Every structure is written in structure tokens, then in C-alpha cells.
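Please read all numbers here as calculations on a predicted model, not as lab measurements. Every number for a ligand or one of its atoms is a count from 1 in the order of the listing.
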Amino acid sequence: MSGKYDFDVLYIGAGHATFDGAAPLAATGISVGVIESGLIGGTCPNRGCNAKITIDEPVKMTREAERMGDILQGDLAINWSKNIEHKQDIIDNLPQDLTNRLESNGAKIIKGYAEFIDNHTLSVDGRKVTAEKIVIATGLRPHRLDIPGTELAHDSEDFLNLKHLPSKITVIGSGYIGMEFATIANAAGAEVTVMLHSDKILRNFYQPYVQKVVTDLKERGVEFIENAQVKSFEKDNDSYRINYGKDQSLETDWILDATGRIPNLDNLGLDKVGIKFDKTGIFVNDYLQTNVDNIYAAGDVVSNDQPKVTPAAYFESKYLMKLFSGQTTEPIDFPVIPSVVFTSPRIAKAGVSVEEGKQKGFDVSTNDLANYWYYRVDKEPIAESKQIHDKEGHLVGVTEISDQAQDAVNSLLPAIEFKMDREQVSRLVGLFPTIGYAAWHRA
Ligand SMILES: Cc1cc2nc3c(=O)[nH]c(=O)nc-3n(C[C@H](O)[C@H](O)[C@H](O)COP(=O)(O)OP(=O)(O)OC[C@H]3O[C@@H](n4cnc5c(N)ncnc54)[C@H](O)[C@@H]3O)c2cc1C
């Protein structure tokens, strides 16, 4: 109990936007409560990043084995059910681990669905809980198409829990979740079709690299239907029919609606306290503060320009911990937040994009990595990077397509974040031979 309220700080949601900061905040002696209606850990550990990267691992390995086919002999196939069992084994303990992390630091977990009564009071399944400050960290949930038969489609969580892989899978949407799951399903042996609303795939990534991924997937049998105006889903005996365009239809065994993610704001009672938001999320100022002084928001549910990924949620959570514990009074100063799509190969990026670099007259250089000996060890056919240096010679951006793009981009983050010039970068000599060395060497 803290003064006139039950808690100093009360978080709604227990995802990365909460637990990364709430645990260390509680450790400072500030009284912290965390309300969660589902699994502790939220999306990323339970039905996002951790689960996805586990089922992708055999995909990555079969790609490697395929390239080494003349050296590593014998056929490899993914056992889907075992893959899903392995994923479950990896994620099963995460909610308990995160509960322990929060509780051992002194935070109190309150299970239930929160709704505002006033700006200091929440109702959690009917129980009143009060706090000096409240943080809304309720994340996003899958968008569902508003068409007849929408209930016949499934979402990303259903895909991650599929015990048996359907023979024909149709993915509606070509954002990062749609493309990653299309890659995984295709590699595991399903017949995959991706239907896209426009002709743009992975619109936030460098399009020539996206085209390389798409061409590779097409060669592997994935079909892409552009400008498909999906109209309805129907059940047709044991399969499903997707009606689209002008009287066109497609038969499939399983439909993944991957048409985006929307903020979890329903039934939160935001109107009762007058918090401003729109369909992109909650509006906040540079202190992650909403228009109601004692109420903040963090993570995916915030309407801002940051990518809706774990590194952004993590940084915002840590920032609020520093703000609430008096370690900072400054506005949030976002570092470079990288992003990646875990297709095979991956596309990863950080900082200034190729397009923006060109517009600003920066130096955009191309590295043909497929012909660089370190990438040739792995026989990677699709590997290239673009590095962007500003007019003073600082590395300000990178984008890479390769199987190891995420690690290459990670290793360049310090140079981008701290605006190192070429001389400073030349003082960084990584272990040899590693992907980090290869990346630094070109910066
Ligand atoms: C399939 C998939 C793959 C992804 N892969 C990656 C990846 O590879 N890398 C990456 O960086 N990001 C990835 N992401 C995104 C990442 O998961 C999110 O950016 C991150 O989880 C955001 O954290 P958050 O705390 O803001 O929200 P969440 O983790 O969604 O947490 C919000 C929590 O709030 C709870 N909640 C909502 N409303 C209420 C309420 N009224 N009362 C009580 N509790 C409530 C929810 O139950 C949920 O647990 C992926 C997401 C998905 C879906």
C-alpha cells in the first residue's frame, strides 16, 4: 500500500512494455502492480518472437543443409508435430519465469481484465485497484477481416499451435508475420498461397531485397496473388473456399488472416477518463504521458513512429522505470531501433533507409556478400548489404539480406547509434572469422 493509493505504479498488461521496467522499478522500493488478463509475458514470449523463432530454426537448418547438399548427404525433412512440441517446450516455462522475475523484485501480479473507473482507479474483473500512476501497456491483437465467413480463418497464434500441418495453406496479407509463416509452412511441405491486398509486399523493407525473397519463394512453389480483394470465406466439405476479385475463388485447407494488428483498447474505459487515441493507438507526449497527467502508455499500444517490435517496447519500459524512479527527468530519446523479417534469407535494417539516404544525397554503398568468402563458406546465394554514410562520413544506416542479416545489423548498431566516423570504426576489430568482423570490416 502506498499512501492513499494501493500502488505507486500500476501497469495494465504484462508484456515486454511492462516487465522489462516493472521488475527493476519494484526493486527500487516503489510499489508496483501488474494486471494481466492472459499469460504473463504477453505476445512476444508466448505467441510471438520466441515461439516463431523456435519453429523457424529447422527451416534455417534445412536451407543450410540444402546448400551443402553435395557435402552433407541425405534428405532432411521437418517433422511438424515434433517442431511444435519443441516450441511448446521452449515457451512453456516463460510465464512462470517472468512471474518469478516480477515477484522476486517485489511487484504484485493481479490476474484479470482491467477497465478504468477514474484516472486513479481500475476495476479488475469487478475488484477496485488504485494507483498514483497507471501505465497502459495492452499491446496489439490480430486484425480480422470484416467479411462473411471471417470466423473460418485463423490468426498467428493458431498457426503457432497447429499440431498437424494442413496440405494447403492460404495466407492473407504480406506483412512480416504473413511472409515469415508462408516461408515456414512452405519449408515444412505445405502448398502455400499468399494473397495480398495491393502489389506491395513487406512495405517497410527495401523493395529490391523483398523481391529477392519473393522470387526465391516463388521458385520454391509459393504462389502470390496480388491485388486480391478478398470478399468472403466459405466452408466447402473438408476444405474452404476463398472468394476474391471478380468471381474468382481459391480452395484451401487452412486460412491465416495476417492482415495486420490493432491496438487492444476495447472495454478499457478510456472514454471515461478522456484519454485520446485513434485506431493506431494511444497518443502520448515525449514522456510517454497521455493527455491525462498520471496515465502513461508504452509498447505496441502507443501511436508513434517506432516499429511495433520488442526492442521498442523494451526501451520504452526501461525509460518509464527511469522516469518513475527519478533517474531521469528528460524526454524519451529513442535509440536506433532495428527491425528484421525472419524469412529465409532474412532482411534486417537499422537507421537511415536506402531511399532516405539517396534522397539526402548520402553515400549509399553496396556490398556483394554472396561473393565474399565468409558468406561463401555457407554457400549463401542471396546475400547483399547496403550501407549508408552521411556527408561527414558517419555510418547512419544499414540494410542486409542474408541468412545472418540480423547478426550483421546487430553488430553495426553501436556505430550507427553513436555516430562513429570511419576512423573510430576502424578501431573496432572483431573476432575473426565471424559475421561481426565481416560487417565491421565493410563499415
Ligand atoms: C507472430 C508474431 C511474431 C513476432 N515476432 C517478433 C520478432 O521476431 N521480433 C520482435 O521484436 N517483435 C516481434 N513481434 C512483436 C512483439 O511481440 C511485440 O512488439 C511485443 O510483444 C510488444 O509488447 P507489449 O508489451 O507492448 O504488448 P504485449 O506483449 O502484446 O502485451 C500486452 C498484454 O496486455 C494484456 N492486456 C490487454 N488488455 C488488457 C486489459 N484490459 N487488462 C489486462 N491485461 C490486458 C494482454 O493480454 C497482453 O498480455 C511479433 C509479434 C507476433 C504476433
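- E356 is linked by a salt bridge (charged side-chain N to carboxylate O under 4.0 Å, His left out) to K360, counting only residues two or more places apart in sequence or in another chain.
- With hydrogens left out, the protein atom closest to atom 16 (C) of ligand 1 is T310 OG1, 3.5 Å, a heavy atom.
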Give the intermediate values and the outcome of side chain to side chain contact (heavy atoms under 4.5 Å, CB included) for residues M195 and I172.
-> CA-CA 5 Å; M195 302 183 88; I172 320 275; 3.8 Å; yes
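- In this comparison of T138, V34, L39, the heavy atom closest to atom 39 (C) of ligand 1 sits on T138.
- Side-chain polar atoms of S385 and N367 form a donor-acceptor pair below 3.5 angstrom.
- The side-chain contact (heavy atoms from CB on, under 4.5 Å) test with T343 is passed by exactly one of V213, V59, I184: V213.
- Judged purely by distance below 3.5 Å, without hydrogens or angles, the side chains of D199 and N227 never pair a donor atom with an acceptor atom.
- Of the listed options A137, G13, S156, G42, A137 places a heavy atom closest to atom 32 (C) of ligand 1.
- Sorted by first and then second residue, the ring-ring contact (aromatic ring centres under 6.0 Å, His included) pairs involving residues 93-131 (not counting sequence neighbours) are Y5-H120.
- Polar contact with ligand 1: absent for R261 (N/O pair, distance under 3.5 Å).
- Annotation: W80 is not in aromatic contact with H164 [ring centroid separation under 6.0 Å not met].
- Annotation for ligand 1: atoms under 4.0 Å from non-hydrogen atoms of K308 are 15 (C), 19 (O).
- In terms of polar-atom proximity, G299 is not counted as a contact of ligand 1, lacking any N or O under 3.5 Å from an N or O of the ligand.
- At a heavy-atom distance under 4.0 Å, no atom of V124 approaches ligand 1.
- Taking each of K52, K111, R141 in turn, the one with a heavy atom nearest to atom 8 (O) of ligand 1 proves to be K52.
- Using a 4.0 Å heavy-atom cutoff, P142 is absent from the residues neighbouring ligand 1.
- The closest approach between a heavy atom of Y176 and any atom of ligand 1 is below 4.0 Å.
- With hydrogens and angles left out, the side-chain atoms of Y240 and E251 include no donor and acceptor closer than 3.5 Å.
- When each atom of ligand 1 is checked for a heavy atom of G112 under 4.0 Å away, the hits are 42 (N), 43 (C).
- Those atoms of ligand 1 that come under 4.0 Å of a heavy atom in P311, given as number and element, are 11 (O).
- Every N/O-N/O distance between L268 and ligand 1 stays at or above 3.5 Å.
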